[in-house]
Amino acid sequence: AHNSRFIMCRVEPATSANEEPASAKAKKQKQQQHPKPSHPKLIAMGQQNKSLVEAGVMLGFATWVWYAYRNETLIAGSLRSDAVFCLAYSMYLFALNYIRFDNNRLARQRGIVHTSLGKSHYLGTTRFAVYMVTAVVLSVLAPAVLLCVWPRSPPATAATPHLFVLLMQVVMEGITGRPFFHDLPRILVPLGFSIWRQFNLWNWVQMAWQHYRQAEHHQELLYALGLGLAVANLVFYSYNLFVFLIMGMSPHYLDPTECPAPPIRWAGGLWPQIVDTRPKVE
C-alpha cells in the first residue's frame, strides 16, 4: 500500500479586473454607513477663517461708510469720536490679551479653548439663529438700503454712526474668535461696543424724530421709515445689552465653583427665568 497525502485547497472564484473583492465591498459599505467624523480642529480652523473673511468684508464696508459721511455736518463730530473709540478700545483689548493673559497660552496648552461667544452655549440653536438674522436685517441690511437708495438723506445720515460702530464691533468679534484670544477680552468686545452704541442709538432716535416733525408732506413716508428703524434698533439693542449679554451670556464666563449661577430657561425665548432644581417636598 502506498501512503498518499491529499492536500485540499480552496479555490477563490475568479474576479474581473473591474470587479472589487467581496471584502473590499463590505469595507466600503461599512464606511458609507458609518462615515469617519471630520477632524474637529479642521472644522474649527474653517470656522475661524470664515470669521476672518467676514471681518475683512465688514472692515471694508465700515471704512467706506466712515469716509463717505465723514464731512456731514450733523454727524461729523460723532463719526470722529466713534473712530477714536473703536481704535483705542480695540488696541486696549489687544494689550489686555497680551499683557494679562499671554495670548491665551494656558488655555491653548490645556486644550480648553472656546472660539465663540458664550462658550458655544448658543451655537446650533434655532432661537439664536433667528436672533442673529433679526440683528443683521434690522441693523445692517436696512440701514445699508437707506445709504444706497437715499444717500445723503437725513434718515440715512442719522443711521450712519450706529452702523459704523456696529460694523467695527463685528470686525473685532471676528478677530477675537481665534484661539489666541482669552475669554475675557472676547466677551468685552460686545459689552464695550454695545455700551458705546447706546449713545449712538439715542442720538439716532432724536435726529430721526426731529426730521420727521420737520418733514414736508411728500417726505413723511421716508422720514417715518427712518424713525421706525431708529426706534426698533434702540429697543432691540437695549434688550441685547441689558438682557441677552448681561443676564444670559456673561454668567457663562463666571467660575461655576467660586461664582455659581442657577440654570435658566428663556421664557417665550426672550426673558431668562431661573429653573428650580430643588427637590420637591411632599
Side-chain angles (χ1 to χ4, degrees), residues 46-94 115-117 128-178 181 185-186 188-205 207-208 222 225-226 228-230 232-234 236-237 240-241 245:
Q47 293 175 346
Q48 294 162 17
N49 292 334
K50 181 181 177 182
S51 298
L52 284 181
V53 172
E54 292 175 351
V57 173
M58 292 299 178
L59 180 59
F61 188 21
T63 303
W64 174 82
V65 168
W66 187 90
Y67 186 81
Y69 284 83
R70 71 191 188 283
N71 293 325
E72 291 292 326
T73 304
L74 291 175
I75 60 172
S78 177
L79 281 179
R80 285 193 292 268
S81 300
D82 294 335
V84 171
F85 165 77
C86 292
L87 179 61
Y89 188 60
S90 300
M91 295 303 295
Y92 168 74
L93 293 178
F94 279 108
T115 57
S116 62
L117 287 171
F128 186 67
V130 173
Y131 189 79
M132 292 304 297
V133 170
T134 303
V136 171
V137 172
L138 191 64
S139 54
V140 178
L141 295 182
V145 169
L146 279 178
L147 267 65
C148 296
V149 179
W150 295 290
R152 310 292 178 182
S153 65
T157 302
T160 301
H162 176 262
L163 176 62
F164 170 73
V165 179
L166 178 62
L167 292 174
M168 294 304 298
Q169 175 184 332
V170 175
V171 170
M172 280 301 296
E173 287 177 355
I175 295 174
T176 56
R178 307 287 291 180
F181 253 90
R186 184 176 297 121
L188 286 178
V189 172
L191 285 174
F193 276 92
S194 295
I195 292 171
W196 181 271
R197 285 192 292 109
Q198 286 296 117
F199 299 100
N200 296 121
L201 288 165
W202 279 107
N203 291 335
W204 184 7
V205 170
M207 284 190 291
L222 172 61
L225 290 175
L229 184 61
N233 273 269
L234 175 62
F236 180 85
Y237 281 106
N240 179 73
L241 173 61
L245 287 177

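In what follows, every heavy atom counts, from backbone to side chain, and hydrogens, waters and symmetry copies are set aside.
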>> Is the shortest side-chain heavy-atom distance between Thr157 and Met207 below 4.5 Å?
In response: no

>> Quick one, Gln169 and Tyr89 - any side-chain contact, counting heavy atoms below 4.5 Å?
In response: no

Can you give me the closest heavy-atom contact between [X] and [Y], atom names plus distance?
X	Y	result
Leu163	Ser139	CD1-O, 3.5 Å
Phe164	Cys86	CE2-SG, 4.2 Å
Met172	Val189	CB-CG1, 3.8 Å
Ala68	Arg152	O-NH1, 2.5 Å
Gly226	Pro155	CA-CB, 4.2 Å
Pro161	Ser78	CB-OG, 3.6 Å

Let me confirm one number: the [atom1]-[atom2] distance from [X] to [Y], rounded to the nearest 0.5 Å.
X	Y	atom1	atom2	result
Ile195	Leu188	CD1	CG	9.0 Å
Asn200	Ser194	CG	OG	11.0 Å
Thr160	Ile75	OG1	CD1	4.0 Å

Short side-chain to backbone donor-acceptor contact, [X] and [Y], under 3.5 Å:
X	Y	answer
Arg186	Thr176	yes
Asn233	Leu138	yes
Ser153	Trp150	yes
Trp66	Ala83	no

>> One pair to check against side chain to side chain contact (heavy atoms under 4.5 Å, CB included): Leu229 and Leu225. What are the steps and the verdict?
In response: CA-CA 6 Å; Leu229 184 61; Leu225 290 175; over 6 Å; no

> Please walk me through it: do Leu59 and Met168 pass side chain to side chain contact (heavy atoms under 4.5 Å, CB included)?
Replying inline: CA-CA 7 Å; Leu59 180 59; Met168 294 304 298; 4.1 Å; yes

> In this structure, which one of Leu241, Asp82, Leu166 forms a side chain to side chain contact (heavy atoms under 4.5 Å, CB included) with Arg197?
Replying inline: Leu166

>> Go through it in stages, so that I can follow the logic: the residues are Leu191 and Trp196, the test is side chain to side chain contact (heavy atoms under 4.5 Å, CB included), and I'd like the CA-CA distance, side-chain angles, deciding distance and then a yes or no.
In response: CA-CA 9 Å; Leu191 285 174; Trp196 181 271; over 6 Å; no

>> Against His162, only a single residue in Tyr237, Trp202, Tyr69, Phe199 fulfils ring-ring contact (aromatic ring centres under 6.0 Å, His included); can you say which?
In response: Tyr237

> Is the Lys NZ or Arg CZ of Arg178 less than 6.0 Å from the centre of Phe181's six-membered ring, within 45° of the axis?
Replying inline: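 Judged by the rule, Arg178 and Phe181 form no cation-pi pair.
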
> Under the 6.0 Å and 45° cation-pi test, does Arg80 pair with Phe85?
Replying inline: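 No; the conditions do not both hold, so Arg80 does not lie above the ring face of Phe85.
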
>> Ring centroids only, cut at 6.0 angstrom: are Tyr131 and Phe236 within range, meaning strictly under it?
In response: yes

